[in-house]
A.B. asks: 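Just dropping this structure here.
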Amino acid sequence: MNFQLSEEQLMIQQAARDYAQRELIKDVIERDEKAIYPTEHIRNLAELGFLGMLVSPKYDGSGMDTVSYVLAIEELSKVDSSVGVIISVNNSLVCYGIEKYGTDDQKEKYLKPLARGDQTGAFLLSEPGAGSDATAQQTSAIDMGDHYLVNGVKNWITNGNTASTYLLFAQTDRSKGHRGINALIVDRHSEGISIGPHENKMGMRSSDTHSVQFTDVKVPKENRIGDDGFGFKLAMKSLEGGRIGIASQALGIASGAWELAVKYAKERQTFGKEIIKHQAIAFKLSDMATQIEAARFLCLKAAWLKDQGLPYGIASAMAKQFTADMAMQVTTEAVQIHGGYGYVKEYHVERLMRDAKLTQIYEGTSEIQKIVISRAISDGDI
Ligand code: CAA
């Protein structure tokens, strides 16, 4: 077993760290407060190759491995996890499906601009009544011969307004249940699409979350990915990789909060010494470090399995559930260590704590991950 990162992986990690610590940090508090989308940063990160980091250079991506993806998303999310989720959704939930299952024309027309980061993508699975129960899709895509006619509402869509390309899931044949769901690539500017107001969220406030309504939207038949009825399987396959991205984001939120807590504990004095010298604080930092390291190994293991072409769905569910729950605990402790200072915005940790909460909810709640893991136990896969 080799725990050594390659030179290339270390370089990518360093590039992400440099960008986060030099650039993202400057305006992260203002972007959080005013819920401003990080347009300029996304453009810069696209130039550095992060928007299509998992896509092959053949389709204008950077062709990096999934281990590098974990390292980069961790570093970016230490400072700004909204940037982390934008990059994760683009790579894992949108580019992945088009690259793996799309036609040459779809790759040429849609994947290349997404991989370059000239455009971003959004993944439209959730609905007002279909979140955890993703098969309960109400949005319909009626087969009209040369096109589908789409009607319905999608909810909680990351990149909902800024994305140019939607990967939409909709029900074509209700009698077939989840086997009647299709995945369609939709131009966000198609006639009949209207975007709901920006969601005023607790955390990840500079990521762009909206509902999207479809009214008689025509989607050409050639925009379907895979065979008729392949949509639900595509969504599940994509989420296996997406969960590695969100686990890495949660890892970054936790390790960012831990680094701030260590720095503060070495500076802040009480009862005549730095608070890190009080065992109450030292043991907290020690527990936090161990939890973060355990989570990091789960994230890297899932990424490594994916890079080896081995099954990674169970590993990604474990990584996401453990890391998201850990991030909530670690950020709460980071605020506690900061005392009153932790409760105000200038010290960053309150934001990280608010951001951590969402990692337990989206791309499958912690409870959904436990369903995936426990079913694998029942099936004898673990
Ligand atoms: N890969 C491929 N196929 C899979 C699969 C996987 N990992 N998991 C399930 N499937 C297939 C099954 O084989 C089955 O197909 P067949 O009947 O043809 O064999 C089909 O999918 C249905 O599977 P289940 O019977 O297991 O379905 P279920 O209703 O019991 O639900 C679930 C399974 C795991 C709970 C699933 O519904 C789920 O993951 N829910 C959570 C949804 C989710 O993560 N939403 C996130 C929204 S996206 C988001 O948050 C993005 C963002 O913007 C940040």
Side-chain angles (χ1 to χ4, degrees), residues 73 77 81-97 100-101 120-137 139 154-163 165-169 171 173 176-183 199 201 203-204 207-212 225-250 302 305-306 310-318 320-321 324 355 357-376 378-379 381:
I73 292 188
S77 303
S81 58
S82 294
V83 165
V85 72
I86 294 164
I87 290 176
S88 178
V89 167
N90 201 60
N91 275 282
S92 290
L93 295 188
V94 185
C95 290
Y96 165 84
K100 186 144 172 115
Y101 300 103
T120 52
F123 184 82
L124 286 74
L125 177 68
S126 298
E127 296 185 357
S132 288
D133 184 4
T135 59
Q137 297 284 309
T139 298
K154 293 288 169 177
N155 237 20
W156 317 123
I157 304 306
T158 303
N159 300 346
N161 189 33
T162 45
T165 302
Y166 287 163
L167 185 49
L168 170 75
F169 298 87
Q171 185 70 255
D173 186 343
K176 293 185 183 160
H178 65 263
R179 293 186 192 135
I181 294 172
N182 277 313
E199 300 289 353
K201 305 193 299 286
M204 307 244 189
S207 98
D208 169 38
T209 310
H210 295 260
S211 61
V212 182
I225 302 186
D227 293 338
D228 187 27
F230 179 63
F232 192 73
K233 282 211 159 67
L234 175 66
M236 292 296 110
K237 294 293 306 164
S238 307
L239 282 163
E240 287 186 346
R243 288 167 185 164
I244 300 178
I246 300 306
S248 315
Q249 181 201 31
L305 287 169
K306 181 165 178 282
L310 295 166
Y312 56 93
I314 301 165
S316 78
M318 286 181 169
K320 177 167 187 296
Q321 184 251 305
D355 289 354
K357 188 63 210 165
L358 191 49
T359 67
Q360 293 180 300
I361 297 173
Y362 64 13
E363 296 206 20
T365 60
S366 292
E367 292 74 15
I368 286 292
Q369 309 312 322
K370 288 182 192 181
I371 291 179
V372 172
I373 299 161
S374 57
R375 282 186 184 170
S378 297
D379 294 346
D381 294 334

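Numbers for residues simply follow the sequence, beginning at 1. Both counts, for ligands and for their atoms, begin at 1 and track the order of listing.
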A.B. asks: Can you confirm whether more than 12 heavy atoms, excluding those of D227, are under 6.0 Å from its CG atom?
C.D. replies: no
A.B. asks: For atom 2 (C) of ligand 1, what is the nearest protein heavy atom, given as residue, atom name and distance?
C.D. replies: K237 CD, 3.6 Å
A.B. asks: Given side-chain hydrogen bond (donor to acceptor under 3.5 Å, both in side chains), test N90 with S88 step by step and report yes or no.
C.D. replies: CA-CA 5 Å; N90 201 60; S88 178; over 6 Å; no
A.B. asks: Give me the one residue out of W156, F169, Y362 that meets ring pair (Phe, Tyr, Trp, His ring centres under 6.0 Å) with F123.
C.D. replies: F169
A.B. asks: Within less than 4.0 angstrom of ligand 1, does G313 place any heavy atom?
C.D. replies: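 Contact check G313 vs ligand 1: negative.
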A.B. asks: Determine whether a donor-acceptor pair (N or O, by modelled atom type, separation under 3.5 Å) exists between the side chain of S316 and the backbone of G313.
C.D. replies: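 Answer holds: yes.
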A.B. asks: G242 near ligand 1, heavy-atom distance under 4.0 Å?
C.D. replies: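 Flag not set, G242 not near ligand 1.
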A.B. asks: Does D355 reach the main-chain N or O of G203 with its side chain, forming a donor-acceptor pair under 3.5 Å?
C.D. replies: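 Not a single qualifying donor-acceptor pair exists.
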A.B. asks: Which residue owns the protein heavy atom closest to atom 19 (O) of ligand 1, what's the atom, and how far is it?
C.D. replies: K233 NZ, 3.7 Å
A.B. asks: Quick one: nearest non-hydrogen protein atom to atom 53 (O) of ligand 1, plus distance?
C.D. replies: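 For this ligand atom, the closest protein heavy atom is T158 OG1, 2.8 Å.
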A.B. asks: Against ligand 1, does I371 come closer than 4.0 Å with any heavy atom?
C.D. replies: no
A.B. asks: Is the side chain of K100 donor-acceptor paired with the backbone N or O of S238 at a distance under 3.5 Å, no angle test?
C.D. replies: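 Here the side-chain-to-backbone pair does not exist.
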A.B. asks: Please check if a non-hydrogen protein atom sits closer than 4.0 Å to atom 12 (C) of ligand 1.
C.D. replies: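 Within 4.0 Å: no protein heavy atom nearby.
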A.B. asks: Taking it one step at a time, do T139 and E127 satisfy side-chain hydrogen bond (donor to acceptor under 3.5 Å, both in side chains)?
C.D. replies: CA-CA 8 Å; T139 298; E127 296 185 357; 2.8 Å; yes
A.B. asks: Using a strict threshold of under 4.0 Å (side-chain N to carboxylate O), is an ion pair present between K237 and E240?
C.D. replies: yes
A.B. asks: Which protein heavy atom lies closest to atom 25 (O) of ligand 1, and at what distance to 0.1 Å?
C.D. replies: R375 NH1, 4.5 Å
A.B. asks: Should the proximity of Q369 to ligand 1, defined as any heavy atom under 4.0 Å, be assigned to the side chain, the backbone, both, or neither?
C.D. replies: neither
A.B. asks: Applying a 4.0 Å heavy-atom criterion (strictly less than), which segment of S132 is in contact with ligand 1: side chain, backbone, both, or neither?
C.D. replies: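 The part of S132 near ligand 1 is the backbone, not the side chain.
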A.B. asks: Would you please classify the geometry between the Y96 ring and the Y101 ring as parallel, tilted or perpendicular, with 30° and 60° separating the classes?
C.D. replies: perpendicular
A.B. asks: Measure the distance from atom 9 (C) of ligand 1 to every protein heavy atom, then report the residue, atom name and distance (to 0.1 Å) of the closest one.
C.D. replies: M236 CG, 3.8 Å
A.B. asks: May I ask you to identify the nearest protein heavy atom to atom 49 (C) of ligand 1, giving residue, atom name and distance to one decimal place in Å?
C.D. replies: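 Of every protein heavy atom, E363 CG, 3.5 Å lies nearest to atom 49 (C) of ligand 1.
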A.B. asks: Please write down residue, atom name and distance for the protein heavy atom closest to atom 20 (C) of ligand 1.
C.D. replies: H178 NE2, 3.4 Å
A.B. asks: Can you report which non-hydrogen protein atom sits closest to atom 22 (C) of ligand 1, along with the distance?
C.D. replies: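 The answer is F232 CE2, 3.6 Å.
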A.B. asks: Decide side-chain hydrogen bond (donor to acceptor under 3.5 Å, both in side chains) for K154 and Q137; before the verdict, give the C-alpha distance in whole Å, the side-chain angles of both, and the deciding distance to 0.1 Å.
C.D. replies: CA-CA 10 Å; K154 293 288 169 177; Q137 297 284 309; 2.5 Å; yes
A.B. asks: Nearest heavy atom to atom 51 (C) of ligand 1: which of L93, V89, I314, I86 does it belong to?
C.D. replies: L93
